[in-house]
Engineer: 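Below you will find the structure I want to go over with you.
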Number of protein chains: 2
Amino acid sequence: MKRDSRLSSVLHALLHMAEHDGRMTSDALAQCLGTNPVVVRRTMGLLRRQGLVDSDRGPSGGWRITADLDKVTLRQLHEALGEPAFFAIGHRQEAPECLVEQAVNAALDDAFDEAEALLLKRFAHVTLADLAKDFARRHRERKAAKD
Amino acid sequence: MKRDSRLSSVLHALLHMAEHDGRMTSDALAQCLGTNPVVVRRTMGLLRRQGLVDSDRGPSGGWRITADLDKVTLRQLHEALGEPAFFAIGHRQEAPECLVEQAVNAALDDAFDEAEALLLKRFAHVTLADLAKDFARRHRERKAAKD
DNA sequence: CGAATCGTAACATATAAAGTTACATGAAGC
DNA sequence: GCTTCATGTAACTTTATATGTTACGATTCG
């Protein structure tokens, strides 16, 4: 299965926007991400629906973060993207008649539900500001290594 | 991404084999799973390499569990299948130059690595015998409900 | 008005899981 | 030995889904 990298993408985009004064165009973001401006608009559009960013058209248009970096969590972004499935491993059949398969599903669900709960909990505690801070630290370190 | 359901499949197949005296053919297993005998052979072949099952050709041939149900864990089966990726969510780029993307990857890896460790730990504690027991319980309950 | 920019539908491509076909190989029984 | 039943496996097809691309309309700025 091809993995969904939209969460990674929007984080990347949002951090670039946070480091950047004024609006950034879909084209500029697409270059940062190594992708296509239409893909950027499509994905950022989902964040706009949640009021996390806004966009303007025309010259001097583009995208801007409207939410507080301290308030936006990975979990919110995951939700904004429509809560895509975390797991690449699943059942053969969702609601099987066969008792054997029911037992199998129950065992796998136990494990995956617990892992999902852990992920959601962690996601709820990581903010964009945390990532921005980590980026700044990496930036200082790279600069120090050069000197 | 289409989800990998082979773990679910082999569990289903192994439990049916455990409930069944003698060997089961790929055809019979394929019917239990609602799939194709070639798919069964392909997947069971991976378990054979780990010595969990064996197969015989010819009339009276088929598949048989050789391992102790108490000893075989979900983790072993996951390994036998080649340790397919657990997660349907991933990075855009594996080893990015961009510090922003590095910060993003680090944050996501933290969360996903922890979730993966949890899953592996749980998988190591669940045996085929546990699932067989759960199946037997469901079987009793369904019977009781009928009376 | 013209250029820049987003919005979005429609279509194309890429990747991976699962299914299918075909045929070779080996074992059992007559 | 011949036939039948079974696995072993390569090659191909189908399906699902994420991502990329093209095209064009709508909006805004100067």
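In what follows, chains carry the letters A, B, and so on, assigned in the order in which the sequence lines appear, proteins first and then strands, with residues in each chain numbered from 1.
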Engineer: Looking at C:dT21, does its base get a donor-acceptor pair with the side chain of B:Arg42 below 3.5 Å?
Structural biologist: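 Per atom types, no contact qualifies.
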Engineer: Side-chain N or O of A:Ser60 versus OP1/OP2 of C:dA4: is the shortest distance under 4.0 Å?
Structural biologist: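 Looking at the OP1 and OP2 atoms of C:dA4, neither is under 4.0 Å from any side-chain N or O of A:Ser60.
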Engineer: Does A:Thr25 have a side-chain nitrogen or oxygen under 4.0 Å from the phosphate oxygens OP1 or OP2 of C:dA4?
Structural biologist: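 No.
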Engineer: What integer distance in Å separates B:Asp27:CG from D:dA6:P?
Structural biologist: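 Interatomic distance, CG of B:Asp27 to P of D:dA6: 7 Å.
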Engineer: Are the aromatic ring centres of A:His16 and A:His20 under 6.0 angstrom apart?
Structural biologist: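 No - the distance between ring centres of A:His16 and A:His20 does not fall below the 6.0 Å cut-off.
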Engineer: Whole angstrom is fine here: how far is it from CZ in B:Arg3 over to C1' in C:dA18?
Structural biologist: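 So the two atoms are 15 Å apart, to the nearest Å.
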Engineer: Using a cut-off of less than 4.0 Å, is there contact between a side-chain N or O of B:Thr35 and OP1 or OP2 of C:dG19?
Structural biologist: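 Looking at the OP1 and OP2 atoms of C:dG19, one of them is under 4.0 Å from a side-chain N or O of B:Thr35.
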Engineer: Between atom CD in A:Gln93 and atom P in C:dG19, what is the gap in whole Å?
Structural biologist: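 Whole-Å distance recorded here is 12 Å.
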Engineer: Distance alone, cut at 3.5 Å: any donor-acceptor contact between the side chains of B:His91 and B:Asp109?
Structural biologist: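 Their side chains do contain a donor-acceptor pair, which is all the 3.5 Å distance test asks for.
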Engineer: A:Ser26 side chain N/O closer than 4.0 Å to the phosphate oxygens (OP1, OP2) of C:dC6?
Structural biologist: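 Yes.
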Engineer: Could you work out which one of D:dA23, D:dG8, D:dT9 sits closest to the side chain of A:Val38?
Structural biologist: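 Selected nucleotide: D:dA23.
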Engineer: Grab the CZ-P distance between A:Arg23 and C:dA4 for me, whole Å please.
Structural biologist: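 Whole-Å distance recorded here is 18 Å.
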Engineer: How close or far is atom P of D:dT4 from atom CG of B:Asp56, stated in whole angstroms?
Structural biologist: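 In whole Å, D:dT4 P and B:Asp56 CG are 21 Å from each other.
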Engineer: Could you state the CG-C1' distance from B:Leu81 to C:dA18, rounded to the nearest angstrom?
Structural biologist: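 The answer, rounded to whole Å, is 14 Å.
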Engineer: Count the heavy atoms of every other residue, nucleotide or ligand shown that sit under 6.0 Å from CD of B:Glu19, and state whether that count exceeds 12.
Structural biologist: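 It does: B:Glu19 CD has more than 12 such atoms within range.
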Engineer: Counting heavy atoms from C-beta on, name the nucleotide in C:dT21, C:dG19, D:dA23 closest to the side chain of B:Val39.
Structural biologist: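 For the B:Val39 side chain, the nearest candidate turns out to be C:dG19.
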Engineer: In terms of side-chain geometry, is the basic nitrogen of A:Asp70 or A:Lys133 positioned less than 4.0 Å from the acidic oxygen of its partner?
Structural biologist: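 No, no charged N to carboxylate O under 4.0 Å.
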Engineer: For the pair made of CD1 in B:Ile89 and C1' in D:dT19, what is the distance, rounded to whole Å?
Structural biologist: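 Distance, rounded to whole Å: 15 Å.
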Engineer: Both A:Arg57 and A:Asn36 contact DNA chain D. Which one's nearest nucleotide lies toward the 5' end?
Structural biologist: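 Nearest nucleotide further toward 5': that of A:Asn36.
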Engineer: Would the distance check show the side chain of A:Glu116 and the main-chain N or O of A:Phe86 forming a donor-acceptor pair, the cut-off being under 3.5 Å?
Structural biologist: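 Not a single qualifying donor-acceptor pair exists.
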Engineer: Can you find a side chain N or O atom of B:Arg92 that sits less than 4.0 Å from OP1 or OP2 on D:dG20?
Structural biologist: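 Answer is yes, contact under 4.0 Å.
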Engineer: For a quick check of understanding: with a heavy-atom distance under 4.0 Å over all strands, which category does A:Gly62 fall into, base, sugar-phosphate or nothing?
Structural biologist: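 Sugar-phosphate contact only - A:Gly62 comes under 4.0 Å of backbone atoms but never of a base.
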Engineer: Contact class for B:Arg6 vs. all strands (heavy atom < 4.0 Å): base, sugar-phosphate, or nothing?
Structural biologist: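 Sugar-phosphate, backbone atoms only, no base.
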Engineer: Is B:Arg41 near enough to D:dG8 that one of its side-chain N or O atoms lies under 4.0 angstrom from OP1 or OP2?
Structural biologist: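 So the side chain of B:Arg41 is outside the cut-off, no N or O lying under 4.0 Å from OP1 or OP2 of D:dG8.
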Engineer: If you check every side-chain atom of B:Pro59, which of D:dT19, D:dA11, C:dA27 has the closest atom?
Structural biologist: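 Ranking D:dT19, D:dA11, C:dA27 by closest atom to the B:Pro59 side chain puts C:dA27 first.
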Engineer: Between C:dT5 atom C1' and A:Leu29 atom CG, what is the distance in whole Å?
Structural biologist: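 Value for this atom pair: 13 Å.
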Engineer: Do NZ/NE/NH1/NH2 and the carboxylate oxygens of B:Asp54 and B:Arg48 come within less than 4.0 Å?
Structural biologist: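 Answer for the salt bridge query: no.
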